[in-house]
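Everything below concerns the one structure shown next.
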Amino acid sequence: MNIEKQLIEGIQAAFQQHYQHQLSEDEISLQPTRKDFTGSHTFVTFPFARITRQSPPQTAETIGNYLRENAEIVKDFNVVKGFLNIELSDVVWVNTLKSILQDYQSDKLYGFQPDNGQQVMIEFSSPNTNKPLHLGHLRNNFLGYAMSQILAANGYTVRKVNIVNDRGIHICKSMLAYQKFGNVETPESAGIKGDHLVGKYYVEFDKHYKAEISELVEQGMGEEQAKKEAPLIKEAQQMLKQWEQGDAETVALWKKMNGWVYEGFDATYQKIGVSFDQIYYESDTYVLGKDIVEEGLEKGVFYRKDDGSVWIDLSDEGLDEKLVLRADGTSVYMTQDLGTAELRYQDWSFNRLVYVVGNEQNYHFKVLFSILKKLGRPYANGLYHLSYGMVDLPTGKMKSREGTVVDADDLIDEVISEARKKTEALGKIDELTENQAEELFQMLGLGAIKYFLLKVDPKKRMLFNPEESVQLQGDTAPFIQYTHARISAILQKAKLENTDNQLFESIGTIETSEQEVVELLTAFPQKIQLAGSEYSPSVISQYVFDLAKAYNRFYTEVPIFAEEAKEKVAFRVGLSFAVAQTIRTGLGLLGIQAPEQM
RNA sequence: GGUCCCAUAGCUCAACUGGAUAGAGCAACUGCCUUCUAAGCAGUAGGUUCCAGGUUCGAGUCCUGGUGGGAUCACCA
């Protein structure tokens, strides 16, 4: 059934017959034929010159002839240098499309792997509760969500988790500023979303803090010392202590303000379509990990310094010495992460744990994974850091303290309103009710921003261009969504004319543009696998874009209903159906919806 | 300074993991709406893949050395 397999078998047979040589399956690699040449699969013969004792073109010629004679699926071939370009017979394309359609018409989703019995936990989002989400969080959230979908499509059982950083000095800063300058303001009374209100006081703190520092510096204090001596920071530190001691008033304020933030976050998560199966809070987990430190000391993995602090020496792996417990017995970031990993494994015995965290923490995760390996944790080899690059602005780097961040809520509102503006300008919403229109704007706007952030390889640092992110033409989600809407209209018409359920058999020659579309359709399962193994949703976005482009070309070049041969009409309707489904599922993997009409 | 990452068209990104003449989108220019949605399609122009060596049938991709940019090397998280 599988085309590649048949070709490989044919090539093996050819080597046997002509060169008396047994080639193993994985010695043979086929690649897609370049657009400028005829054919769909290419076999490169250069590496086999030693075996065949012929020049590469001669070898290609020999193999090509053998295949044309003996392999049913091969119609013709051509040779360019050592490249053997294989042209498949038309019936292969017809049958291929039929089998894809069968998948779509059964319960099985085309391109998805069956359950592999493996469990993967994926952590993403991980916000701080002292300020609202920004552009960087969006890349994180979209990546995490898309990867959870892609891993599920690869047969994993996926559990999405979020760890909320809800404690620490930065939270106390917001709290303190609110206490001092807040005038008992609430989100309701101020008419501001809860997370934004708390963020406002975080900025407020920084403003006053800076003023105090410069005052101290003016009085002749050094800057470093002034940062430590400013009354506000001391008060914040005092507050953190009170919180840790469980002081009732401090805890009450903390609960109230965090409550506001969660309401705000929930609204944002809901809007961007992101959800979690479980949420961890650092206020619960920050004390974890100390028993692991004990265990590590017993096993001799860690060692204690004279002052009582506990360390691990990783210099044999090219890493440094790393602190895992302070001299006063309190935990550090690493301690917590050790404890949290352990807790998660107890909660749900995963085969893999994926952390979606920015690449500025590459070193931290290297160390974390290395420690867990040394401790002999059963899950240590299943840990993966999905490290992604920073999002830059045309003006430079985002810095929250300097107010150069792009706020997530603002950005989302902007892309949606941009979608509304452009759709109205095109006059395409006359037939829609108000609700339908609103739903469409959301699909387009959110689609645009998600696609924009997901189309770049996660590992790479990327530039965020506000104008390009709201574009609806070219390499964008709306372009792909538009293709889906177009096909929906065709399928609707096919239903009305009752041409959608006709069978097609051999239909004669198929057009190049048709063949290209079928070829792309066959690649979908491999793309899902690649996106999963590379942890890269951009594989999917790239693919769906290519598919939409190929379909649009077919759409303008080849008539569907004007075609007289009924078999051909049915084939083309079937082709359209398969593309629509694939676009829909592909976009779905990215968390993007596909409208029926736009 | 040590370690890690990055450098491809004017701009933003690809390149199936070593294959053919390095591809898309945006911006610029030229065409195509009486035919299934022009948010589309076709075309023109745009490249010393940062530099210098090396490995081999073959290098944007691998190795060495540079140059430029970024991250990290906290008893912060």
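Chain naming here is simple, since letters A, B, ... match the order of the sequence lines and numbering starts at 1 in each.
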If I pick the C1' atom on G43(B) and the same atom on C50(B), what distance separates them, to the nearest angstrom?
33 Å

Take atom C1' in A59(B) and the same atom in U48(B), then report the distance between them in whole Å.
15 Å

Can you tell me the distance, in whole Å, between the CG atom of Leu368(A) and the C1' atom of U72(B)?
16 Å

Pick from Lys549(A), Arg553(A), Lys35(A): which one makes a side chain to side chain donor-acceptor pair (under 3.5 Å) with Glu516(A)?
Arg553(A)

Separation between the C1' atoms of A22(B) and U61(B), rounded to whole Å
11 Å

With P as the reference atom in both, quote the distance from G2(B) to G19(B) in angstrom, rounded to an integer.
34 Å

Rounded to whole angstrom units, what separation is found between the CD atom of Gln481(A) and the P atom of U37(B)?
18 Å

May I ask you to say what Phe37(A) touches in the nucleic acid, namely base, sugar-phosphate or nothing, with a heavy-atom cut-off under 4.0 Å?
base

What I want to check is whether an N or O donor and acceptor connect the side chain of Asn85(A) with the base of A20(B) at under 3.5 Å.
yes

May I ask you to say what Val310(A) touches in the nucleic acid, namely base, sugar-phosphate or nothing, with a heavy-atom cut-off under 4.0 Å?
nothing

Determine whether the side chains of Tyr551(A) and Ser576(A) contain a donor N or O and an acceptor N or O closer than 3.5 Å.
yes

Under a 3.5 Å cutoff, is there a donor and acceptor pairing between the side chains of Asn140(A) and Ser126(A)?
no

Nucleotide N/O to protein N/O under 3.5 Å, stretch nucleotides 54-57 of chain B:
none

Check: residues 538-545 of chain A side-chain donor-acceptor pairs under 3.5 Å, at least two apart:
| from | atom 1 | to | atom 2 | distance (Å) |
| --- | --- | --- | --- | --- |
| Ser538(A) | OG | Ser536(A) | OG | 2.8 |
| Ser541(A) | OG | Ser538(A) | O | 3.0 |
| Tyr543(A) | OH | Leu520(A) | O | 2.7 |

Value in whole Å for how far the P atom of C36(B) lies from CD1 of Ile560(A):
11 Å

Would you please name every residue forming a salt bridge (charged side-chain N to carboxylate O under 4.0 Å, His left out) with Glu4(A), sequence neighbours left out?
none

Find the distance Leu547(A):CG to A24(B):C1' and express it as a whole number of Å.
15 Å

Determine the contact category for Phe83(A): base if any of its heavy atoms lies under 4.0 Å from a base atom, sugar-phosphate if only primed atoms, P, OP1 or OP2 are that close, otherwise nothing.
base

Value in whole Å for how far the P atom of G25(B) lies from CZ of Phe545(A)
6 Å

With rounding to the closest Å, how many angstrom separate the C1' atoms on A14(B) and G54(B)?
28 Å

Look at the side-chain N and O atoms of Lys428(A) and state whether any lies under 4.0 Å from the OP1 or OP2 oxygen of U37(B).
no

For a 4.5 angstrom cut-off between non-hydrogen side-chain atoms, does Lys228(A) reach Ile233(A)?
no

Restricting both atoms to N or O, compile the protein contacts to nucleotides 42-47 of chain B shorter than 3.5 Å, with distance only.
none

Are Phe83(A) and Phe46(A) an aromatic pair, judged by ring center distance below 6.0 Å?
yes

Dot-bracket notation for RNA chain B is requested: 5' to 3', Watson-Crick or G-U wobble pairs only, both distances under 3.5 Å, with ( ), [ ], | and . as defined.
(((((((..((((.....[...)))).(((((.......))))).....(((((..]....))))))))))))....

Pairing residues for Asp36(A) by the side-chain hydrogen bond (donor to acceptor under 3.5 Å, both in side chains) criterion, not counting sequence neighbours:
none

Are Met334(A) and His364(A) packed together at the side-chain level, in the sense that at least one heavy-atom pair is separated by less than 4.5 angstrom?
yes

Separation of atom OH in Tyr551(A) from atom C1' in A39(B), rounded to whole Å
16 Å

Pairwise C1' distance for U44(B) and U55(B), with rounding to whole Å:
40 Å

Nearest-angstrom distance, C1' atom, G53(B) to G46(B)
30 Å

Protein-nucleic acid N or O pairs under 3.5 Å, nucleotides 74-77 of chain B:
| from | atom 1 | to | atom 2 | distance (Å) |
| --- | --- | --- | --- | --- |
| C75(B) | O3' | Arg326(A) | NE | 3.3 |
| C75(B) | N4 | Asp307(A) | OD2 | 2.3 |
| C76(B) | OP2 | Arg326(A) | NE | 3.0 |
| C76(B) | OP2 | Arg326(A) | NH2 | 2.4 |
| A77(B) | OP1 | Arg326(A) | NH2 | 3.3 |
| A77(B) | OP2 | Tyr333(A) | N | 3.4 |
| A77(B) | O3' | Glu282(A) | OE1 | 2.7 |
| A77(B) | O2' | Asn165(A) | ND2 | 2.6 |

Let's test your reading of the model: under 3.5 Å, does the base of A20(B) pair with the side chain of Thr42(A) as donor and acceptor?
yes

Would you mind building the protein contact string for nucleotides 30-35 of chain B? One character per nucleotide, 5' to 3', B for base within reach (heavy atoms under 4.0 Å), S for sugar-phosphate only, - for untouched.
------

Interface polar pairs with nucleotides 6-12 of chain B, N/O, under 3.5 angstrom:
| from | atom 1 | to | atom 2 | distance (Å) |
| --- | --- | --- | --- | --- |
| A7(B) | OP1 | Lys460(A) | NZ | 3.4 |

If the glycosidic angle is within 90 degrees of 0 it's syn, otherwise anti, so just tell me which one C33(B) is.
syn

What's the base orientation of U12(B): syn (chi within 90° of 0) or anti?
anti

Return the nearest nucleotide to the side chain of Tyr555(A); candidates are U21(B), C36(B), G70(B).
C36(B)

Any base atoms under 4.0 Å from Thr423(A), or only sugar-phosphate, or nothing? Heavy atoms, all strands.
base

Applying side-chain hydrogen bond (donor to acceptor under 3.5 Å, both in side chains), can you list everything that pairs with Tyr303(A), at least two apart in sequence or on another chain?
Glu321(A)

Rounded interatomic separation in angstrom, taking CD from Gln471(A) and P from C13(B):
15 Å

Can you check the distance between C5(B) and C63(B), where both ends of the measurement are the P atom (answer in whole Å)?
10 Å

May I have the distance from Asn359(A) (atom CG) to C73(B) (atom C1'), rounded to whole angstrom?
15 Å

Any donor-acceptor pair under 3.5 Å linking the side-chain atoms of Arg461(A) with those of Asn359(A)?
no

Do the side-chain N or O atoms of Lys493(A) get closer than 4.0 angstrom to the phosphate oxygens (OP1, OP2) of U37(B)?
no

Could you state the interatomic distance from CG (Leu288(A)) to NZ (Lys290(A)), rounded to the nearest 0.5 Å?
10.0 Å

Remember a base hit wins even if backbone is also touched, and classify Glu534(A) as base, sugar-phosphate or nothing at under 4.0 Å, heavy atoms.
base

Look at all strands and tell whether Leu319(A) reaches a base, only sugar-phosphate, or nothing, counting heavy atoms closer than 4.0 Å.
nothing

Could you give the side-chain donor-acceptor pairs of residues 472-480 of chain A under 3.5 Å, partners two or more places apart or in another chain?
| from | atom 1 | to | atom 2 | distance (Å) |
| --- | --- | --- | --- | --- |
| Asp475(A) | OD1 | Tyr451(A) | OH | 2.6 |
| Thr476(A) | OG1 | Leu472(A) | O | 3.4 |
| Thr476(A) | OG1 | Phe479(A) | N | 3.3 |

Taking atom types as modelled, find out whether Asn130(A) and Ser174(A) have a side-chain donor-acceptor pair closer than 3.5 angstrom.
no

According to side-chain hydrogen bond (donor to acceptor under 3.5 Å, both in side chains), who are the partners of Tyr286(A), at least two apart in sequence or on a separate chain?
none

Do Leu143(A) and Tyr535(A) make a side-chain contact, defined as non-hydrogen atoms from C-beta onward lying under 4.5 Å apart?
no

